[in-house]
There are 2 protein chains.
Amino acid sequence: MTGPALPSDDLGELQAWHAACRDAPLAVDMTRGLPSAEQIALSHAMLSLPGPAPFDSEDGQDWLNYGGQQGIPQLRALLAPLLLGVPAAQAAVGGNSSLALMHAAIGLAWRTGLPGHAPWAAARQIRFLCPVPGYDRHFAICRDHGITMVPVPIGVDGPDMDQVERQVAQDPLIRGMWCVPRHSNPCGATYSEEVLRRLATMKTAAADFTLFCDNAYAVHDFAPQASAPPGLYDACATAGNPDRALLFGSTSKMTIPGAGIALLGGSARLLDWWLAAQRACTIGPDKVNQVRHLRFFGDAAGVSRHMQQHGHMLQQRFAQVLKVFARRLSALQDVHWSRPSGGYFITLWVPPGCARRVVRLAAEAGVAILPAGTTHCSGTDARDRCLRIAPSRLSPSDAAQAAAIIAGCVLLACAELSSAPGRDASNTLKGVP
Amino acid sequence: MTGPALPSDDLGELQAWHAACRDAPLAVDMTRGLPSAEQIALSHAMLSLPGPAPFDSEDGQDWLNYGGQQGIPQLRALLAPLLLGVPAAQAAVGGNSSLALMHAAIGLAWRTGLPGHAPWAAARQIRFLCPVPGYDRHFAICRDHGITMVPVPIGVDGPDMDQVERQVAQDPLIRGMWCVPRHSNPCGATYSEEVLRRLATMKTAAADFTLFCDNAYAVHDFAPQASAPPGLYDACATAGNPDRALLFGSTSKMTIPGAGIALLGGSARLLDWWLAAQRACTIGPDKVNQVRHLRFFGDAAGVSRHMQQHGHMLQQRFAQVLKVFARRLSALQDVHWSRPSGGYFITLWVPPGCARRVVRLAAEAGVAILPAGTTHCSGTDARDRCLRIAPSRLSPSDAAQAAAIIAGCVLLACAELSSAPGRDASNTLKGVP
């Protein structure tokens, strides 16, 4: 990939630079948080696993025949504490997709109600709190069930808990809330202990209020530090609200995406509710894939070693993007970005009214970014500020080049805004190097 | 396994025989249609597949990353015509379970309606025709959605089409019907061309009436004859009702149960409806398992060779049971049984009022049979006649021994009935050898 060198802050020069980019566009897709081929190669050994060696499941299930609705105990013992923060007995293995488990759990609450509660189908409206910016696929699950989404802002420590507490205490129609407690998609927030405690203890007007906790990035730190185990379930149990959280995770970003293992966990009561419902849906999940994962990881130390390699590769890519942003965008008013310690995304905030323009300019230069507004549960970012940048799949040098294009498009959008007649001049470029 | 030799038709002798069986019970589970370990060993090579060789999906999808909602084209091209009777473009791959696809398709009709029609949730009642005896897991899906089940009898050529046509023409609440067109579970019926034609052409009071067609045994013949391709979709398309059938199948009883590939198919319109809905549920099915299956089978001839080996193993077991039944039960009034040419079940009809008694007697002798009534959508077999016998998992000699126990229990139940004061004497034993 090549691209013209980025000029100064002069509108005319930026326009000329962009025209040159358009004439020789890159072909870079940064819309989704996909692992790179290099990351996936870390798991190529799985393609010949589990191999022919016999395997004894601790529950006596024949791993090569039907059955085993909850999943193989040894795999649950390995992954449930790491990914969900619950013991093996309080987790169930699903198919390959934690999203599918979230969709199914909400569908089940809709059809039958949470244990001891009325079906959501019987309510005149169901509302979910959605930290924004958030994950578009969570919003799609809500839309699919006709759930009204209520945005709450999220900062570096997690959602704005004053707002969350006030709303759930007042509004009995709020029955759920999305949470990504570690390396949130897309802002990178990791919820503080205090946020977890407040989520677990807060008074809720709805007796069946449930935290839908997507632990997609539980072991996805960049640096080889020991991840804190996911703490939301423990906080809920300590607060006397063990049924408040349903927890989801998968190995999609640990082994081969799409060929992984998804898990659901929660209190014993919620797990019984889930497993009882599964009997009408399936004879059981793929146990061969469970043994494949077990043999590949070995033990918790094996998971840790494996995830350190992932983290190192991701960090290389993120570092390139952050370096470009720091060099090109630091001097801009109203422009800032997240500096995540894990996960798959950088959030870039641009001056009000610029985000859609940046997406369009970048697309013209051959860099696809998720459409602005997609990170907002309404589908629209009212201030048009928020961009989700996903560098994971690119090589480090491609990530740097794509970041340079994005930065140039931000500069151009800002310059256009400053020069527009009658527009607020507060977004002027100041001393861009 | 050992068991006392079966005595004559004398009640006292039969009771003594059964007491001896109770003292040294077998430990045989014939409740479910599980493949035997010998069958599963035919697919052990899959445990080291797909292997590290590169794979190019015809749709350009990276098989080792996310995506590919419809499934790999080459796998669809291999399996969709064989298992569903539709071209590759009209099939979508799911997870490991065709039951899960059936449950999800009915859930989707409930939530959004079939294409161009109102959601079933908005109807005051939804009814399904259920050929009886039928598959208990189909009935469980209906119960899970509050669908009222209407039984229709099924014979060797398929459901009683006079009844089916009359009911669907009159009753607009009947929106669906379960079908297992080949080697029906449990009666072994294979629908005739005439039945398929009548299902495809019949007038229905409900505009969105849909045949939920479970092609679980599409390529599961015992003898190495060429299976007729599944013909229901073609019949519907020919009749101008291409949207009438949703078709389901899986490789569960072809490769490793629980670690297989499930497929859904139908008209292009139904497929679009299905795929559009999947976007909110999952990023895509397990493509590695699709390539694993593709490399294992190779081509349609590979599927055929593989299924002939399955068929041979199943036939050995079924032949043992049928031989015992013929020898022990032929002379009994009101006792008859199916003689399937494929699939996983034999249905045994015993004199009215005897089925539950036989299940209990067999259980005491260590042979577990599916509880009587489970094959009926109401959960109760009003005449208490129908038993589902599943010999597949046993060795041929164990199958023979279990069949001898069942036959003895039928003889005993009949003798008890004959000797009971005030009971109809028409069920008397006649000249049992």
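Throughout, a chain's letter reflects where its sequence line sits, starting with A, and its residues are numbered from 1.
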Under a 4.0 Å threshold between the charged nitrogen and the carboxylate oxygen, would [Y] count as salt-bridged to [X]?
X      : Y      : answer
A/R76  : A/E58  : no
B/D62  : A/R393 : yes
A/D144 : B/R279 : no

Which of [options] touches chain A most, by non-hydrogen pairs under 4.5 Å:
options                       : result
B/G284, B/A121, B/S97, B/A280 : B/A280
B/G107, B/G95, B/S43, B/P285  : B/P285
B/L101, B/D286, B/L34         : B/D286
B/Q39, B/R137, B/M102, B/R32  : B/R137

The reported gap from CH2 in B/W273 to CG in B/L275 (rounded to nearest 0.5 angstrom) is 11.0 Å
Taking the side chain as every heavy atom from C-beta outward, state whether [X] and [Y] have any pair of such atoms under 4.5 Å apart.
X      : Y      : result
B/L83  : B/M254 : yes
B/L314 : B/H220 : no
B/W120 : B/R111 : no
B/M30  : B/P391 : yes
B/H138 : B/C130 : no

**Message:** I'd like to know which of A/L99, A/D136, A/T112 tops the heavy-atom pair count under 4.5 Å against chain B.
**Reply:**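 Of the candidates given, the most pairs with chain B belong to A/L99.
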> What residue, out of A/G258, A/G260, A/C281, A/A140, has the most heavy-atom pairs lying under 4.5 Å from chain B?
Replying inline: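 Result: the option with the highest number of such pairs is A/C281.
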task = Classify the angle between the aromatic ring planes of A/W178 and A/F128 as parallel (below 30°), tilted (30 to 60°) or perpendicular (above 60°).
result = tilted
So B/H103 and B/H145, would you call those rings parallel, tilted or perpendicular, with 30° and 60° as cut-offs? tilted
Bottom line for B/S252: the part with an atom under 4.5 Å from chain A's heavy atoms is both
The interface call for B/N96 against chain A, heavy-atom contacts under 4.5 Å, is side chain
Checklist entry - Of B/R317, B/H310, B/Q309, which is the lone residue that meets side chain to side chain donor-acceptor pair (under 3.5 Å) with B/E38? => result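 Exactly one candidate clears the test, B/R317.
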**Q.** Output field: ring centroids A/F248/A/W274 closer than 6.0 Å
**A.**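 When the ring centroids of A/F248 and A/W274 are compared, they turn out to be at least 6.0 Å apart.
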Should the pair B/K253 and B/Y344 be classed as cation-pi, given the thresholds of under 6.0 Å to the six-membered ring centre and 45° from the axis? yes
Okay, A/S98 and chain B: the region with an atom under 4.5 Å from a heavy atom over there is neither
Under a 4.5 Å heavy-atom criterion, the part of residues 44-52 of chain A in contact with chain B comprises A/H44, A/L47, A/S48, A/L49, A/P50, A/G51, A/P52
ask   = Taking non-hydrogen atoms and a cut-off under 4.5 angstrom, which of residues 287-295 of chain A neighbour chain B?
value =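 Result: A/K287, A/V288, A/N289, A/R292.
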